[in-house]
Engineer: 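Right, I'll just put the structure down here and ask away after.
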Amino acid sequence: MTLDIITPDRKVFSGEATAVTFPGTEGQFQVLNNHAPMVSTLDRGQVIVETGSGQQTFTVDGGVVEVLQNKVLVLAEAIVA
């Protein structure tokens with residue numbers, strides 16, 4: 001699936017992912033290939049991106065995620081260092 005992580009000032013990540021774990025406001029959840037369409041809000045926490053070449057972690061300060069037809073779009077408030 002394709003994943004884009006965007007903040008108001010820049011694109012943080014764009015590429016293929018095999019699994020993504022999110023800090024949802026109702027609890028942590030994971031999105032895999034061919035996931036059902038959904039929209040969810042995010043709390044502050046770690047977004048863990050698993051790719052064919054390894055794993056990357058981004059700490060977001062809240063936001064929204066949309067999953068639709070193997071495309072995952074994360075609109076993050078900010079990326080925390």
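Because the structure is predicted, anything quoted here is derived from the model rather than measured.
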Engineer: Who passes salt bridge (charged side-chain N to carboxylate O under 4.0 Å, His left out) against Asp61, sequence neighbours left out?
Structural biologist: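 Asp61 satisfies salt bridge (charged side-chain N to carboxylate O under 4.0 Å, His left out) with Arg44 once adjacent residues are dropped.
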
Engineer: For Val80, which fellow cluster members are found when Ile, Leu, Val, Met, Phe, Trp and Tyr are connected by side-chain heavy-atom distances below 4.5 angstrom, either directly or through intermediates?
Structural biologist: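 Traced through the cluster, Val80 reaches no other member.
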
Engineer: Of all residues at least two apart in sequence or in a different chain, which pass the side-chain contact (heavy atoms from CB on, under 4.5 Å) check with Leu73?
Structural biologist: Asp4, Ile6, Glu66, Leu75

Engineer: Not counting sequence neighbours, which residues clear side-chain contact (heavy atoms from CB on, under 4.5 Å) with Thr57? List them please.
Structural biologist: Gln46, Ile48, Gln55

Engineer: Could you report the tightest heavy-atom contact between Ala17 and Thr51, atom names first, then the distance?
Structural biologist: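 Where Ala17 meets Thr51 most closely, the heavy atoms are CA-CG2, 4.3 Å.
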
Engineer: Filter on side-chain hydrogen bond (donor to acceptor under 3.5 Å, both in side chains), then keep only pairs touching residues 33-42, sequence neighbours left out; what's left?
Structural biologist: Thr25-Thr41, Asn34-Asn70

Engineer: Show which residues join Val64 in its hydrophobic cluster (side-chain heavy-atom contacts under 4.5 Å, direct or indirect), or state none.
Structural biologist: Val39

Engineer: Under the side-chain contact (heavy atoms from CB on, under 4.5 Å) rule, collect the residues that match up with Thr18, sequence neighbours excluded.
Structural biologist: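 With sequence neighbours excluded, Thr18 shows a side-chain contact (heavy atoms from CB on, under 4.5 Å) to Glu50, given in chain and number order.
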
Engineer: Could you pull out the closest heavy-atom pair between Ala76 and Pro8, with the gap in Å?
Structural biologist: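 Here Ala76 and Pro8 meet closest at O-CD, 3.4 Å.
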
Engineer: Check which hydrophobic residues are tied to Val12 through side-chain heavy-atom contacts below 4.5 Å, counting indirect links as well, and list them.
Structural biologist: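 Met1, Leu3, Ile5, Phe13, Val20, Phe22, Phe29, Val31, Met38, Leu42, Val47, Val49, Phe58, Val60, Val65, Val67, Val72, Val74, Ile79, which link up through side-chain heavy atoms under 4.5 Å apart, make up the rest of the cluster.
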
Engineer: Can you tell me which residue pairs pass the salt bridge (Lys or Arg N to Asp or Glu O under 4.0 Å) test with a partner in residues 18-43, sequence neighbours excluded?
Structural biologist: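 Sorted result for residues 18-43: empty, none.
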
Engineer: So which pairs with a foot in residues 71-81 pass salt bridge (Lys or Arg N to Asp or Glu O under 4.0 Å), sequence neighbours left out?
Structural biologist: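 Qualifying pairs: none.
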
